[in-house]
Amino acid sequence: MAVCSEEIVKQLGNLPGHIRAYSYVNQKDILEKADVVIFHGGLNTLRDSLLAGVPMIICPRAFDQEGNAKRVEELGAGIALANNRPETLWRAVRLMLSVPSYRENSFRMGETLRKSGTVEEGIRWILSCIGTKDGKMPAEAGAEDCVEQACSGR
């Protein structure tokens with residue numbers, strides 16, 4: 001599991017041998033090896049999970065997370081939980097591991113994402129739609145700078 005700080009890792013104390021806690025992990029690398037992912041339903045983890053074909057257990061807390069969780073359920077790529085009590089999570093994990101269609105649907109949706117292009121391509125397409133009548137991006141708008149800023153998280 002990944003937690004937000006080294007202090008929390010220390011507070012967890014001794015964990016069973018099959019559980020490790022880190023203050024940071026490379027999410028994409030971990031998801032490539034994961035059988036299931038449990039998270040709050042944010043778009044970054046949702047997208048990375050689909051790209052890795054990993055079924056999802058979502059415990060939404062705020063903002064767009066509930067809507068994301070409902071859509072994942074509709075697509076059959078995971079389930080949403082109203083609570084995250086250990087017994088509920090345990091049953092959910094067992095369900096994800098025992099019903100192959102969750103992984104299959106997650107993988108299928110990941111294939112759709114891969115075919116849809118990159119974030120950069122999407123940004124360029126949006127900017128081209130707001131360009132001049134000839135479809136060119138207005139130079140004075142600094143469109144390439146907008147793409148660079150959007151893709152670098154600035």
Side-chain angles (χ1 to χ4, degrees), residues 1-128 143-154:
M1 90 176 86
V3 294
C4 59
S5 74
E6 194 62 40
E7 181 180 322
I8 293 174
V9 172
K10 290 176 186 173
Q11 289 174 2
L12 290 171
N14 292 329
L15 297 169
H18 65 288
I19 297 176
R20 295 180 191 99
Y22 301 95
S23 59
Y24 170 82
V25 296
N26 182 314
Q27 179 167 280
K28 291 177 183 179
D29 290 346
I30 295 296
L31 287 171
E32 290 295 325
K33 300 172 185 171
D35 293 317
V36 64
V37 62
I38 303 169
F39 68 113
H40 293 119
L43 280 177
N44 286 335
T45 302
L46 194 156
R47 182 178 188 275
D48 289 347
S49 298
L50 290 173
L51 289 171
V54 179
M56 294 162 270
I57 299 170
I58 303 176
C59 304
R61 298 183 60 148
F63 310 113
D64 61 339
Q65 296 167 356
E66 188 170 322
N68 295 342
K70 286 180 183 178
R71 188 66 179 136
V72 165
E73 279 190 319
E74 290 170 2
L75 295 169
I79 59 171
L81 299 179
N83 72 72
N84 59 0
R85 290 191 296 269
E87 63 276 4
T88 305
L89 290 172
W90 176 243
R91 285 194 303 272
V93 168
R94 288 183 18 198
L95 177 67
M96 293 295 106
L97 296 177
S98 65
V99 179
S101 63
Y102 288 111
R103 178 172 291 283
E104 292 162 2
N105 290 332
S106 183
F107 182 81
R108 183 175 47 81
M109 293 309 302
E111 284 293 309
T112 301
L113 277 175
R114 275 186 281 287
K115 291 176 184 174
S116 69
T118 66
V119 172
E120 292 85 356
E121 290 169 333
I123 292 168
R124 284 190 178 87
W125 179 82
I126 291 168
L127 290 173
S128 74
E144 286 303 312
D145 290 339
C146 293
V147 171
E148 184 180 326
Q149 287 177 10
C151 294
S152 68
R154 287 185 267 151

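- Side chain of N68 to backbone of G41: a donor-acceptor contact under 3.5 angstrom is found.
- To the nearest 0.5 angstrom, R103 atom CZ is 10.5 Å from M56 atom CE.
- Considering CZ of R91 and CG of L81, their distance stands at 9.5 Å, rounded to 0.5 Å.
- Among L51, D48, L50, the one residue that satisfies the side-chain contact (heavy atoms from CB on, under 4.5 Å) test with L31 is D48.
- In this structure, R114 places its CZ atom where more than 12 heavy-atom neighbours from other residues, nucleotides or ligands lie under 6.0 Å away.
- Proximity of L75 to R108: side-chain heavy atoms (C-beta onward) are nowhere separated by under 4.5 Å.
- For E66, the CD atom is loosely surrounded, since the number of other residues' heavy atoms within 6.0 Å does not exceed 12.
- When atom types are taken as modelled, the side chain of E73 and the backbone of A80 share a donor-acceptor pair closer than 3.5 angstrom.
- Panel note: side chain S49, backbone T45; a donor-acceptor pair is recorded below 3.5 Å.
- For the pair L15 and A21, the tightest heavy-atom approach, listed with the atom from each and the gap, is CD1-CB, 3.8 Å.
- The backbone N or O of N83 sits nowhere less than 3.5 Å from a side-chain atom of T88 that would complete a donor-acceptor pair.
- Atom CD of E87 has more than 12 neighbouring heavy atoms from other residues, nucleotides or ligands inside a 6.0 Å radius.
- The distance from the CD1 atom of I38 to the SG atom of C59 is 7.0 Å, given to the nearest 0.5 Å.
- Judged by the 6.0 Å distance and 45° axis criteria, R47 is not positioned over the aromatic ring of F39.
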Could you walk me through whether R71 and E74 pass the salt bridge (Lys or Arg N to Asp or Glu O under 4.0 Å) check? CA-CA 5 Å; R71 188 66 179 136; E74 290 170 2; 2.9 Å; yes
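- Rounding to the nearest 0.5 Å gives a distance of 9.5 Å between OH of Y102 and CD1 of I57.
- E121 contributes a side-chain N or O that, together with a main-chain N or O of T118, makes up a donor-acceptor pair within less than 3.5 Å.
- Heavy-atom minimum distance, L89 versus N84: CD1-O, 3.4 Å.
- No side-chain heavy atom of M109 sits less than 4.5 Å from a side-chain heavy atom of F107.
- For the pair N105 (side chain) and A77 (backbone), a donor-acceptor distance under 3.5 Å is absent.
- Between L95 atom CG and W90 atom CH2 the span is 12.5 Å, to the nearest 0.5 Å.
- The distance from the CD atom of E6 to the NZ atom of K10 is 6.0 Å, given to the nearest 0.5 Å.
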